Amino acid sequence: MQQKIRESIAEIQKRIEQASLRSNRNPSEIKIVAVTKYSTLETTKAVLDEGLIHIGESKVQDVIPKLNMLGDRGIWHFIGHLQTNKVKDVVGHFRYIHSLDRISLAKEIEKWGKKKEVKTNCFVQVNVSGEESKFGLKPKEVLEFVKETSKMEYITICGLMTMAPFESNPEDTRPIFQKLRELQEEVKSLQLPHAPAQDLSMGMSNDFEVAIEEGATFIRLGTILVGQELKPTH
Ligand SMILES: *Cc1c(COP(=O)(O)O)cnc(C)c1O
């Protein structure tokens, strides 16, 4: 398994470099969030052993053993839909939340941040594609939302996040990523407190190269890196 992960990382890094080159970017600006939400603790450990430090997880109950064993070896990213009643288990353990999509959630993160005296980097999740199945704010709601969260001490808006629809031709995702980038520029230009918005979390196994060409700084890779050993089958 270790060997397979090592080979996947080498292949991914080559593709990151090529996409960076095409878009005049420095590959060091692009960080891989290794999504191990469908992986065992052993796989997460193998990923860390290969030198990737950003780990993405989406189920609070599944990640507890991983945090107990490996917590201080990685930087943990909560990437899934976050229920308000789970916030107390996320704040303080995850340095990043990629799915901030409503004020009630922001208030809860703020509340627990204050209690635990820890700031959390949050990406505002935006539903750029407008698909009903997807979480996230509408693009036109984003600026008002960030104005609201900028009053909160324990939330840093580090950027915006989106999920593009799956396209058999990844090129078709490009307008989605372009739109997120434009919105990021608007947020940045407001220069609000606690909202530097320097990052863009976009791109997954199927479309990460297009996302890099459009400015991604965090790409979230699961399947292409570690497969889906625990994916629930129905
Ligand atoms: C599962 C998941 C990923 C990883 O998807 P792959 O297509 O397996 O790379 C990325 N982002 C989010 C929000 C996810 O839930």
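The figures here come from the full heavy-atom set of this structure, side chains too, leaving out hydrogens, waters and symmetry mates. For ligands, and for the atoms within them, numbers begin at 1 and follow the listed sequence. Since this is a predicted model, take the numbers as computed values, not measurements.
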Any heavy-atom pair between the side chains of Lys134 and Gln125 that's under 4.5 Å? no

Contact region, Leu221 to ligand 1, non-hydrogen atoms below 4.0 Å, reads backbone

Exercise. If you measure from each heavy atom of His98 to ligand 1, is any distance below 4.0 Å?
Worked result: no

Worksheet entry | Joint cluster assignment, Met204 & Val210, ILVMFWY side-chain distance < 4.5 Å | no

Side-chain donor-acceptor contacts of residues 176-183 below 3.5 Å, not counting sequence neighbours, with atom names and distances?
from   : atom 1 : to     : atom 2 : distance (Å)
Arg181 : NH1    : Glu214 : O      : 3.4

task: Test side chain to side chain contact (heavy atoms under 4.5 Å, CB included) on Lys66 and Thr36 and set out the steps.
output: CA-CA 10 Å; Lys66 293 181 181 178; Thr36 58; 3.8 Å; yes

TODO: Give yes or no for whether the N/O distance cutoff of 3.5 Å, strictly under, is met between Gln228 and ligand 1.
DONE: no

protein heavy-atom neighbour closest to atom 8 (O) of ligand 1 works out as Thr223 OG1, 2.4 Å

Nearest non-hydrogen protein atom to atom 5 (O) of ligand 1, with distance, is Met204 CE, 3.4 Å

The answer for which part of Met161 has a heavy atom under 4.0 Å from ligand 1 is side chain

of all protein heavy atoms, closest to atom 2 (C) of ligand 1 is Lys37 NZ, 2.6 Å

Exercise for the section: Using distance alone, with no hydrogens and no angle criterion, decide if Thr223 and Gln228 have a side-chain donor and acceptor under 3.5 Å apart. Expected result: yes

Among non-hydrogen protein atoms, atom 13 (C) of ligand 1 lies closest to Ile79 O, 3.5 Å

Contacts satisfying ring pair (Phe, Tyr, Trp, His ring centres under 6.0 Å) that involve residues 203-227 (not counting sequence neighbours) are His54-Phe218, His77-Phe218, Tyr96-Phe218, Phe123-Phe218

Check your understanding: Is there a nitrogen or oxygen of Asn206 sitting under 3.5 Å from a nitrogen or oxygen of ligand 1?
Key -> no

Taking every heavy atom of Ser20 against every heavy atom of Pro27, the minimum-distance pair comes out as OG-CA, 3.5 Å

the protein heavy atom lying closest to atom 9 (O) of ligand 1 turns out to be Ser205 OG, 2.5 Å

Exercise for the section: Would you please say whether a donor-acceptor pair under 3.5 Å links the side chains of Glu17 and Gln13? Expected result: no

Closest to atom 11 (N) of ligand 1 among protein heavy atoms sits Arg220 NE, 2.8 Å

Checklist entry - Can an N or O of Tyr38 be found at a distance shorter than 3.5 Å from an N or O of ligand 1? => result no

query: Same cluster for Ile97 and Val126 if Ile/Leu/Val/Met/Phe/Trp/Tyr side chains link at under 4.5 Å?
result: yes

Heteroatom proximity flag, Gly222 to ligand 1, N/O under 3.5 Å: yes

Would Ile224 count as a contact residue for ligand 1, given that I'm defining contact as a non-hydrogen atom of the residue lying under 4.0 Å from a ligand atom?
no

